[in-house]
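So the structure is just underneath, and the comments pick up after that.
Here is how names work: the chains are called A, B, and so on, in the same order as the sequence lines, proteins then strands, and each is numbered from 1.
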Amino acid sequence: MRILRFVVRRLLQLIPVLLGVVVVTFLLVRVLPGDPIRTILGPNATAADEAAARARFGLDKPLWQQFLDYLGGLFTGDLGTSIQSGQSVTGELALRLGPTMELVVLAVAIAVVIATVVGLWSARHANRAGDHSIRVLALIGNSMPEFWLGLVLILVGYAGLGWFPAPSGRVDPDTDLTPITGADALDALLTGNMPALTSALWHLVLPVLTLVVAIVAPLLRSVRASALEVLRSEPYAAAAAHGLPGKLLRRGYLVRAALVRLPSLAALVFGFAIGSTVLIEYVYSWQGFGQWALRGLLYRDFPVVQASVLVVALCYVVVFLIADVVHAMLDPRVRI
Amino acid sequence: MTVMRIGRRRRGAPAGPAADRDGRFGTVLVATGAGILAVVALAVLFAPLLSSWGPNEIDPDGSTLAAPGGAHLFGTDVNGMDVWSRLLYAGRVDLGIAVAAVAAAVVLGSILGVVAGYFGGWLDDALMRLTDIFQAFPTFILALAVAALLGSGPVNLAVAIALVNAPAYARLVRAEVRTVRDLTFVDAARTSGASTIGLLWRHVLPNSITPVRVIAPLNCGWAMLTLAGLSFLGLGIPVPDAEWGAMISLGTGDVVAGRWWTSVPPGIALLVCVLGFSLLGEGLQERADRVRR
Amino acid sequence: SGSKDSTSSSASGGAKSSTLKIAVSSYISSWDQDFVGFDLTALMLYKNVFPYMIDYGVKTVGGSRILDTETIMPTFAESFEPDAAQKVWTLKLRKGVKFASGNEMKAADVKWSKDRAFAAQANVAGIYRTIGLTKPEQVVVVDDYTVEFHQEFPSALTRQIQAISLYVFDSVEAKKHATDADPWAKEWFAKNPPTGGYFNVTKATQGQEIELTANDGYPGPEPAKTKTIRISVVPAAANQRLQLQAGDIDIALGASPRDIKDLKSAAGVEVLSSASNKQVAIQMSTTTAPFDDVNVRKALAYATPYEQIIRNVYGGDARPAKSVVPLDMPGYSEKGYPYTYDIDKAKAALAAAGKTSISSELVFETDNEEQQQLAVLVQSEARKAGIELKLTPLDPATLADRRGKKNIPLQITSGQLWVNDVEYMLATSFVKGANLNYANYSNPRIEQIYQQSHSTVDPAARNQLWAQVQDIMAEDVPWVVICQPNFNLPVRKSVSGWVQPMDGLARLRFVSASA
Amino acid sequence: MSLLSIEDLSVVIGGRVAALSNVSFTVDTGEVVGLVGESGGGKSMVGRAVVGMLPTGSVATGRVDFDGVDVLSMSAERLAQHRGHGAALCFQNPRGALSPTRTAGRQLVDRLTTHQRMDDERADETALELFEAVGIRSARRRLGAYPHELSGGMAQRVMISLATGCAPRLLIADEPTTGLDVTLTTEILRQFRHAADNDGRGVLLVSHDINAIADVCDRIVVLYAGTVAETGPARRVLTAPAHPYTRALLRSVPDLGGRPVVVTPGAMPLLREAPDACPFAPRCAHAEDDCRASRPALTTQGRSWTAACFHPLRDGVDARQEADVTLRVTTRRPGKAPAAGPVLVVDDAHVVYKSRFGRGGHHALRGVSLTVDAGERVGVVGESGCGKSTLARLIVGLAKPTGGTVKAARSALVFQDPIGSLSPRRTIEDAIGEPLRALGVPAAERARRAAAVLDRMKLDRSILGRRPHELSGGQAQRVGIARALVAEPDLIVFDEPTSALDVTVQAQILAVIDEVAADRSHGSVFISHDLATVRGFADRVVVLYLGRIVEEGPVGEVFADPRHPYTRALLSRGVTLVRDLEEADATSGCALAARCPFATDRCRAEDQQLQQYGESRAACWRVPEIGESV
Ligand SMILES: Nc1ncnc2c1ncn2[C@@H]1O[C@H](COP(=O)(O)OP(=O)(O)OP(=O)(O)O)[C@@H](O)[C@H]1O
Ligand SMILES: Nc1ncnc2c1ncn2[C@@H]1O[C@H](COP(=O)(O)OP(=O)(O)OP(=O)(O)O)[C@@H](O)[C@H]1O
Ligand SMILES: [Mg+2]
Ligand SMILES: [Mg+2]
């Protein structure tokens with residue numbers, strides 16, 4: 001199958017990129033000022049203690065040796081041991097990725113749906129009051145720092161109205177949710193734990209909303225512009241001139257053609273969202289990947305930083321790959 | 001048949017939205033955006049005239065978190081500094097960093113993009129893989145790392161934000177160059193014997209940076225938000241120098257207590273300023289779209 | 001308050017809420033305090049989940065119950081007493097202490113735990129050096145319930161040092177998970193919280209939440225009052241405040257000073273307040289220009305706006321400190337720090353150093369609002385005396401790195417010593433090469449006093465020594481001693497029994513909340 | 001009552017553009033009416049008015065009666081019904097007018113289910129039939145094809161099937177043959193005749209090329225600057241055009257017979273409001289004062305024949321019959337230039353365009369040998385995609401040969417797309433000076449020479465400061481030629497220099513090129529897909545087919561006595577090719593074999609080399625046999 005060949009070829013292309021990311025991160029964390037070992041030793045540690053700790057994490061070996069060890073570990077799925085927690089980074093990562101992905105995937109999905117529906121509407125009512133207000137509103141949302149918006153939403157939604165649960169945790173602990181993937185709503189669904197599902201979804205509302213507001217504007221703009229372009233294009237005019245009914249026009253001649261540019265942009269936005277969850281996670285006490293990576297960086301927890309960068313890069317390239325495949329499915333002109 | 005019959009006048013056709021009005025709203029957007037930015041720019045430029053306090057001056061009366069009114073238009077912050085004055089001076093830092101960072105990103109990205117797009121081949125592959133690597137890098141981590149590496153001064157922050165943004169420009173310009181380099185006029189210039197540098201500088205580049213000019217303002221707004229985010233994580237401009245993001249995050253605790261003045265004004269300033277850039281960008285985009293049609 | 005506590009502790013279980021909710025700012029860095037990193041949250045939890053053999057007693061001062069660092073009592077141990085020469089200390093274990101696995105705590109566990117600490121060459125191994133414990137062989141199992149610690153020299157600090165070091169692992173369980181490559185079961189302990197303390201960890205969601213359940217295998221005095229404690233991580237101080245006000249949490253351990261001020265008057269909330277050992281200072285590197293000149297150090301000491309800091313940064317909720325020796329530490333003397341805010345004197349001191357202006361960086365912790373405000377104030381005032389300070393916030397790793405390299409000219413420090421004793425203070429902060437001696441301070445007379453103090457066990461004699469120390473410090477000014485902020489804890493009104501921890505590590509066993 | 005009756009239709013767009021002014025004409029059932037005129041004349045606007053799809057901001061007055069109902073005042077529902085079912089438009093540029101994200105088949109089925117109320121199954125069958133009816137081969141496969149997978153000709157046919165699929169009473173085809181080859185054009189036009197004759201539809205055929213459509217039309221309407229210049233029966237209009245503009249239009253195009261091109265100076269005005277004089281007057285040789293004072297109304301010239309002219313021409317003779325006897329207007333300088341040796345030697349050149357991801361590539365030229373002597377004029381002809389532009393690029397060094405050699409003197413290229421070949425952000429002066437800049441000529445000298453060459457192109461010097469988008473196509477192409485000339489090259493290559501231009505402008509540019517080519521100080525290579533254009537001024541002609549030269553010889557010989565079946569087909573000399581060009585044909589044996597009616601097994605097996613036949617050479621071994629068979 002062509003698409004399979006394309007995917008395989010693209011996956012092969014990813015290897016140098018990921019390898020590059022691995023090398024750059026590896027060197028970068030070591031170039032940064034700061035020492036991961038000093039932070040884990042008590043106040044009475046001596047130079048010998050320090051050396052012992054350094055040796056425990058293999059940081060006494062020459063750089064190339066450390067790199068080879070790291071690379072070797074990567075192939076066996078071993079991302080090393082966190083200097084701060086002593087836990088396997090792979091394990092911690094598995095725990096942290098779920099919550100963040102839950103947030104980002106949900107937010108991007110919702111934003112894409114909103115952008116599609118509202119964008120198409122906006123294009124069909126272009127340059128009327130409704131269209132103008134939607135666009136300006138989206139821009140305003142896009143112009144707010146997420147952490148600020150998050151705080152306002154908490155003040156209103158939690159402290160003021162009391163509609164939403166406290167910004168602490170992701171699910172009510174009394175619901176006894178059995179973690180599987182780390183994405184609580186998904187786990188609740190998988191285990192059929194209805195109270196947990198409700199609780200998890202309820203916890204998700206505000207953070208997801210914050211993220212959606214922050215990312216919807218560019219998506220909306222793109223859909224609207226593409227739709228407008230289609231509406232004013234010859235093919236659409238041709239179909240309209242042949243008297244095709246409005247519903248058929250929209251379904252057959254507008255939607256798909258207007259959405260061809262969305263996947264790549266959505267992928268870009270996804271990458272951005274993963275990056276910016278660190279702020280949202282902080283505000284909503286959402287202990288996900290962003291907070292973990294940030295802490296890793298602040299404490300120069302080498303394996304954690306390396307793993308988190310690698311994972312974000314991996315997500316990023318995979319999402320782009322998916323976007324390209326979806327794009328190819330939407331747009332028959334794309335050669336893959 | 002020369003008699004002109006006054007027929008029923010019809011305005012517009014039912015199908016096809018108002019293409020003409022696009023441009024008009026685009027112009028409104030551009031004007032609004034530019035207007036906002038102009039006002040902000042003037043305000044921060046003439047900050048010393050608009051405020052009687054220095055931005056880092058602590059009120060000797062020791063009134064921290066004083067409510068607006070009296071000697072302090074927007075009250076004082078937790079350090080006892082005048083919020084209004086800091087608001088104005090912070091604008092200098094924010095606008096300066098955002099514009100400088102984006103300008104640097106545009107220059108760097110354009111150079112990379114032109115080289116990659118025009119020459120193609122292994123150079124293109126290598127450069128694009130490089131931008132891939134940097135694009136795949138999480139934004140905040142990259143910015144944080146650069147800031148940590150270089151230290152957190154305004155210049156270094158601008159460098160960090162520029163580095164984060166440059167890959168996108170490189171891609172944008174490259175894509176454009178790849179189209180432009182195959183256009184007839186480039187061939188024409190080539191057959192006229194133009195040198196490669198001349199070709200790139202005089203023919204390819206000017207025709208490849210149109211989308212950049214549209215994206216750049218949007219990006220300026222985004223750069224300000226990134227800066228604010230970095231400040232929120234404690235990695236922005238070090239105290240006591242004023243910066244909106246830092247002011248907001250320092251003041252978040254106050255809002256909860258009903259002391260709105262420490263973080264709402266910088267929040268609004270940031271919002272308005274980013275919105276200004278967004279409106280400008282959106283308007284430019286719309287006008288560019290119209291020209292393309 | 002104390003009276004309230006007595007009523008609620010004597011009340012029947014029905015009136016008590018079985019679950020107490022506490023918010024902290026960050027998740028613990030690890031469960032293993034031997035091998036990897038720890039932070040305040042972690043240390044606090046260790047106090048509650050590890051069986052510590054001895055611990056501080058409780059006393060009531062000014063209506064609040066506080067930990068008494070001077071009375072150290074056996075808790076999980078039956079007794080901990082020295083021989084006559086104060087060199088061999090005998091630990092007798094309490095019988096019937098159960099780990100979560102059901103294993104009983106035995107001498108072998110103590111031995112294994114201490115062997116592990118020595119092997120780790122980190123935290124405890126370092127602390128033990130101050131009392132002459134350096135090798136595993138010095139810890140001797142006598143019988144199932146008796147262990148001896150053979151110190152190289154007698155020390156007045158032993159009880160205090162052991163109070164923070166004598167924690168025990170479930171070695172039977174641990175050995176099941178030990179491998180040749182990992183004889184100390186590091187991997188297992190990284191993931192699995194220790195058991196056997198006042199509380200057992202029943203659930204821990206990494207980064208998010210920890211659930212503690214009272215250990216019913218503890219047969220000793222003062223068992224945990226609350227069945228379940230839920231500790232949730234809420235990084236944003238504003239959120240903690242909101243949740244406390246809404247009653248979603250009972251105790252906000254990470255509230256900001258600004259919020260605490262407001263919360264004092266909030267409905268349903270009470271701010272428990274008491275004096276603390278936490279000391280805030282600016283350490284000046286005595287080996288780095290310009291602070292290698294004592295007059296420059298004096299200039300900064302005169303240029304620091306002590307009262308303004310107490311007012312602006314701490315909302316008046318701090319005690320002015322007059323010595324490098326903290327208030328409440330035995331031996332404290334007012335003469336230890338004769339400097340007050342006086343710009344003229346500051347200028348004069350600078351002139352005495354032959355300078356009219358100097359510049360330096362002032363380092364403090366990123367993300368530490370208190371230090372940041374303090375830095376801003378000091379910068380603003382110091383400038384008036386001709387001292388130009390560049391504020392440099394550093395992230396933990398960079399700070400640790402630079403501290404290790406001892407190349408910070410000026411830095412803000414805040415914290416309390418783990419052991420409330422001047423000898424310990426000298427050992428960690430003022431003798432040459434000491435780890436916390438960021439001022440790079442060294443003075444032969446101090447070294448001499450320090451040596452002398454090892455073998456001086458008599459309290460009066462020791463106080464003599466400490467008076468000398470403070471005289472020298474007043475002259476040398478290695479630190480700008482700023483103040484000792486009070487400990488403030490916002491809690492729901494329903495919370496009772498809180499004992500103010502002088503070491504900053506909450507003992508949750510005392511706390512309960514009425515439903 | 002006519003099916004379509006347009007009465008006094010005027011359209012003003014945005015108050016700035018008078019696209020149509022007082023247009024009136026009718027189309028009857030079963031009738032094919034041709035609507036001709038230059039670009040911007042308002043042809044498409046008429047088509048759009050008929051389906052009620054005028055651009056936003058336009059104000060239309062007058063009547064567009066369809067079956068007696070005015071389209072301009074139809075309600076939205078009535079209009080929806082009218083569109084497609086009443087009148088269906090085949091869009092100009094069919095490739096661009098087909099929805100790119102929907103298969104051709106689905107798009108047709110959409111029409112069938114909407115207008116013919118078919119269920120899906122029947123629609124599928126009917127779609128297949130319709131595709132076959134318009135001559136789409138392997139129709140079943142094409143039903144599932146997306147528009148970008150179709151060739152231009154195929155897309156055009158799909159567009160026609162879409163329009164007919166609406167079962168309209170009136171079929172409007174906007175420029176259905178632009179960009180298509182001669183052979184395809186005939187085929188497509190036949191479809192419309194068929195629609196009128198067999199299905200009883202009215203057909204409105206829009207084209208800028210009056211000659212091309214004249215044969216299938218019953219009546220012709222000539223538009224000029226939004227006004228009707230002439231309307232009448234096709235034969236009359238063609239043989240005895242009454243309006244000078246109609247005549248200008250007819251004579252602007254060269255034809256295979258070598259009929260001269262008559263140049264009409266000036267360009268069509270773009271009117272901002274309805275004209276109050278004859279809009280053609282400024283360009284008209286017969287214009288008198290009255291023409292400039294008021295606008296002539298359409299007056300009867302004969303039975304159902306009208307013209308808007310105060311001084312209609314009565315001496316009408318069929319321009320095409322006339323052709324052979326008239327002498328060329330442009331002077332051809334006799335005698336060869338001093339033999340200075342060849343300025344171009346291409347020897348067995350191959351060009352392969354590598355595809356982006358390894359594996360294969362496109363073999364655009366396969367062993368082309370060509371010599372051009374100083375002062376010689378060589379014409380190159382061939383179908384679209386045969387490699388003409390590649391040859392041009394090869395000559396000027398834009399393409400590198402993957403095999404063989406190219407030895408060229410200093411050469412310059414004139415491009416097909418006049419405006420596109422000028423850098424959008426550079427001034428004209430800059431563009432013309434570019435070759436000189438490369439030679440290191442100082443700025444002042446550059447300016448002097450640019451101005452001089454501009455004079456030669458008869459362009460006003462004020463143009464020097466303008467930018468490309470401010471030029472008309474004709475002006476831009478003159479600038480392109482000026483740029484080619486300015487550095488005095490030894491060889492100028494013209495790559496379809498007129499195909500992007502308007503008919504009358506084309507004639508003007510051809511005249512300029514003729515003048516330039518007549519200058520024997522340099523050699524010229526003139527490339528075109530249109531043999532007639534080449535005939536005008538080449539000494540020698542080369543016929544290219546799928547990257548090979550299939551015939552070559554003196555221009556007179558090749559046109560008078562074409563040898564190769566392909567050349568014969570191009571010249572319509574008794575040979576019709578079997579099917580459309582397909583890229584796969586080029587693999588082995590004679591490339592034409594699959595399409596050639598004379599092909600034998602030997603043709604399919606053996607590569608063909610050029611062989612001498614009389615004065616010309618052809619790459620076909622069967623020339624002697626088939627020479628008689630035709
Ligand atoms: N949307 C529009 N807005 C403004 N002017 C327009 C618009 N569409 C067409 N015109 C103008 O109306 C006039 C008639 O255009 P029209 O497309 O009918 O010409 P045409 O004869 O079909 O030309 P072509 O052969 O290039 O298709 C031209 O002057 C054109 O510039
Ligand atoms: N850059 C390219 N990459 C790949 N294939 C190309 C490229 N340029 C041209 N081709 C292919 O090479 C063949 C010859 O192209 P060329 O442009 O020379 O044809 P042409 O005779 O000039 O056609 P036209 O009359 O349409 O201009 C065509 O099939 C075309 O698709
Ligand atoms: Mg047209
Ligand atoms: Mg071509």
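Here Ala438(D) is the residue among Gly397(D), Ser411(D), Ala431(D), Ala438(D) with the most heavy-atom pairs under 4.5 Å with chain B.
For Leu422(D), the part lying under 4.5 angstrom from a heavy atom of chain B is the backbone only.
In this structure the side chain of Arg483(D) reaches within 4.5 angstrom of the side chain of Ser192(B), judged on heavy atoms. Taking 4.5 Å as the limit, every side-chain heavy atom of Leu413(D) sits out of range of all side-chain heavy atoms of Arg190(B).
Listed by chain and residue number, nothing satisfies the ring-ring contact (aromatic ring centres under 6.0 Å, His included) test with Phe415(D) (two or more places apart in sequence, or in another chain).
For the residue pair Thr210(B) / Arg425(D), a side-chain donor-acceptor distance below 3.5 Å is found, with atom types taken as modelled.
Between the CZ atom of Arg202(B) and the CZ atom of Arg426(D) there is a distance of 4.5 Å, given to the nearest 0.5 Å. How far CD of Glu434(D) is from OG1 of Thr191(B): 9.0 Å, rounded to the nearest 0.5 Å. Here the straight-line distance linking atom OG1 of Thr184(B) with atom CG of Leu398(D) works out to 10.5 Å at 0.5 Å rounding.
Residue Glu273(D) qualifies as open at atom CD: its count of foreign heavy atoms under 6.0 Å is 12 or below.
Residues of residues 159-168 of chain B lying under 4.5 angstrom from chain D, judged on non-hydrogen atoms, do not exist.
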